[in-house]
Amino acid sequence: MAAVRIATWNVNSIRSRVDRVVDWLGRSETDVLLMQETKAKDEQFPFARFEELGYEVAHHGLNQWNGVAIASRVGLEDVSVGFPDVPGWGDPAAPEARAIGATCGGVRAWSLYVPNGRTLDDPHLEYKLQWLETLRAQTAAWRAADPDLPLALGGDFNIAPFDEDVWDMSAFEGSTHVSPRERAAFQAFLDDGLVDVVRPHAPGPGTFTYWDYQQLAFPKKRGMRIDFVLGTPALADRVLGAAIDREERKGKGASDHAPVVVELKD
DNA sequence: ATGGTCGCCCCGCGA
């Protein structure tokens with residue numbers, strides 16, 4: 001088999017975006033697509049549109065708010081959802097975090113939608129931080145059990161880890177996504193030895209994955225880098241290249257996030 | 001052209 005291409009994409013509603021998503025899949029030679037914000041219940045997900053292209057799909061969506069999915073044409077095994085020990089997890093009424101994992105082509109891949117946090121004084125921010133710490137500890141446990149695990153954590157982290165990851169820090173004073181506590185929660189993954197496998201291939205500043213729909217943010221280049229693929233060393237060693245496909249942010253009917261693509265050698 | 005939110009299933013709210 002040739003190289004494996006893994007992508008993560010916050011699609012902002014799969015039902016409103018499915019034509020664009022499957023068109024992109026057909027063109028991009030992506031083998032494993034991690035999707036977030038499908039905004040669909042499981043019974044609403046358009047599985048057939050992926051299956052007819054040769055992809056298996058696993059979806060985890062409890063309500064209209066978020067929902068995550070993995071589409072793979074290189075196998076989809078050992079699917080699991082969620083982190084049950086996180087408060088709020090599994091509450092169907094919670095418009096909050098979702099996670100789904102599977103083994104695809106020998107890589108353990110997770111599609112993550114990290115809680116937004118809303119505002120610095122909102123209880124959802126504490127939930128976000130707790131959720132991230134639970135994920136970090138879980139990831140560390142998996143790695144302790146299998147040091148050579150090729151693991152990819154892909155998704156919308158709702159954190160801009162460095163100043164260069166937003167267009168203007170002064171516009172984010174008092175905001176979530178850039179606060180020291182959120183950045184520390186992200187940095188903890190890096191301190192554990194996980195690697196942002198995209199940044200070396202798509203360096204900043206001004207390299208973003210998300211642009212708000214409002215106020216002409218995209219043409220004005222007012223974006224944020226909040227979508228990431230973090231890999232274990234066993235995965236990072238296999239990275240041939242990575243890119244943010246900002247072309248997909250263009251035009252009518254675009255998601256507000258661009259796909260982030262990582263290519264791995266066998 | 002990349003052009004002044006979008007998408008939910010509720011008509012406001014979260015992002």
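Naming: A, B, ... by sequence-line order, numbering from 1 per chain.
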Proximal nucleotide (of [options]) relative to the [X] side chain:
| X | options | value |
| --- | --- | --- |
| A:N12 | B:dA15, B:dC9, B:dG7 | B:dG7 |
| A:K252 | B:dG4, B:dT2, B:dC6 | B:dC6 |
| A:Y113 | B:dT2, B:dG7, B:dA15 | B:dA15 |
| A:K39 | B:dA15, B:dT2, B:dG7 | B:dG7 |
| A:E37 | B:dC6, B:dT2, B:dA15 | B:dA15 |

* To do: Give the C-alpha distance, both sets of side-chain angles, the deciding distance and a yes or no for side-chain hydrogen bond (donor to acceptor under 3.5 Å, both in side chains) between A:H177 and A:N158.
  => CA-CA 6 Å; A:H177 294 60; A:N158 271 314; 2.9 Å; yes

[atom1] gap between [N] and [M], integer Å:
| N | M | atom1 | value |
| --- | --- | --- | --- |
| B:dT2 | B:dC6 | P | 15 Å |
| B:dC9 | B:dT5 | P | 23 Å |
| B:dC10 | B:dG14 | P | 14 Å |
| B:dG4 | B:dC8 | C1' | 22 Å |

* Asked: For A:L216, what are the other residues in its hydrophobic cluster, where any two members join if their side-chain heavy atoms are less than 4.5 angstrom apart?
  ->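 Listed partners: none, A:L216 stands alone.
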
Under 4.0 angstrom between [X] side-chain N/O and [N] OP1 or OP2:
| X | N | result |
| --- | --- | --- |
| A:R222 | B:dT5 | no |
| A:R118 | B:dA15 | yes |
| A:R17 | B:dC6 | no |

* Want to settle it: does A:E247 or A:S13 sit nearer the 5' end of DNA chain B, counting the closest nucleotide to each? ->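 The 5'-side residue here is A:E247.
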
* **Residue whose nearest DNA chain B nucleotide is more 5′ - A:D256 or A:I14** =>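 Counting from the 5' end, the first nearest nucleotide belongs to A:I14.
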
* Asked: Does one side chain, of A:R225 or A:T209, offer a donor that lies under 3.5 Å from an acceptor on the other?
  ->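 No pair is found: no donor N or O on one side chain lies under 3.5 Å from an acceptor on the other.
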
* Would you kindly give the OH-to-P distance between A:Y213 and B:dT5, to the nearest whole Å? =>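 Rounding to the nearest Å, OH of A:Y213 and P of B:dT5 are 13 Å apart.
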
* Asked: Whole-Å distance between B:dC13 C1' and A:H124 NE2?
  ->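 About 12 Å, once rounded to whole Å.
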
* With a cut-off of 6.0 Å (strictly less than), are more than 12 heavy atoms of other residues, nucleotides or ligands near CD of A:E173? ->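 No, CD of A:E173 has 12 or fewer neighbouring heavy atoms, counting only those of other groups under 6.0 Å.
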
* To do: Please work out which residues in residues 171-186 of chain A have a non-hydrogen atom less than 4.0 Å from an atom of DNA chain B and list them by number.
  =>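 DNA chain B contact set from residues 171-186 of chain A: none.
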
* Can A:R73 and A:D31 be counted as an ion pair, charged N to O under 4.0 angstrom? ->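 Yes, charged N to carboxylate O under 4.0 Å.
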
* **Pair A:R27 + A:E247: basic N to acidic O under 4.0 Å** =>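 No, no charged N to carboxylate O under 4.0 Å.
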
* **Any residue meeting side chain to side chain donor-acceptor pair (under 3.5 Å) with A:R49, in chain and number order, not counting sequence neighbours** =>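 Partners of A:R49 by the side chain to side chain donor-acceptor pair (under 3.5 Å) criterion, ordered by chain and then number, come out as A:D19.
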
* Asked: Under 4.0 angstrom, heavy atoms only, what part of the nucleic acid is A:R246 near: base, sugar-phosphate, or nothing?
  ->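 No contact at all - A:R246 keeps every heavy atom at 4.0 Å or more from the nucleic acid.
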
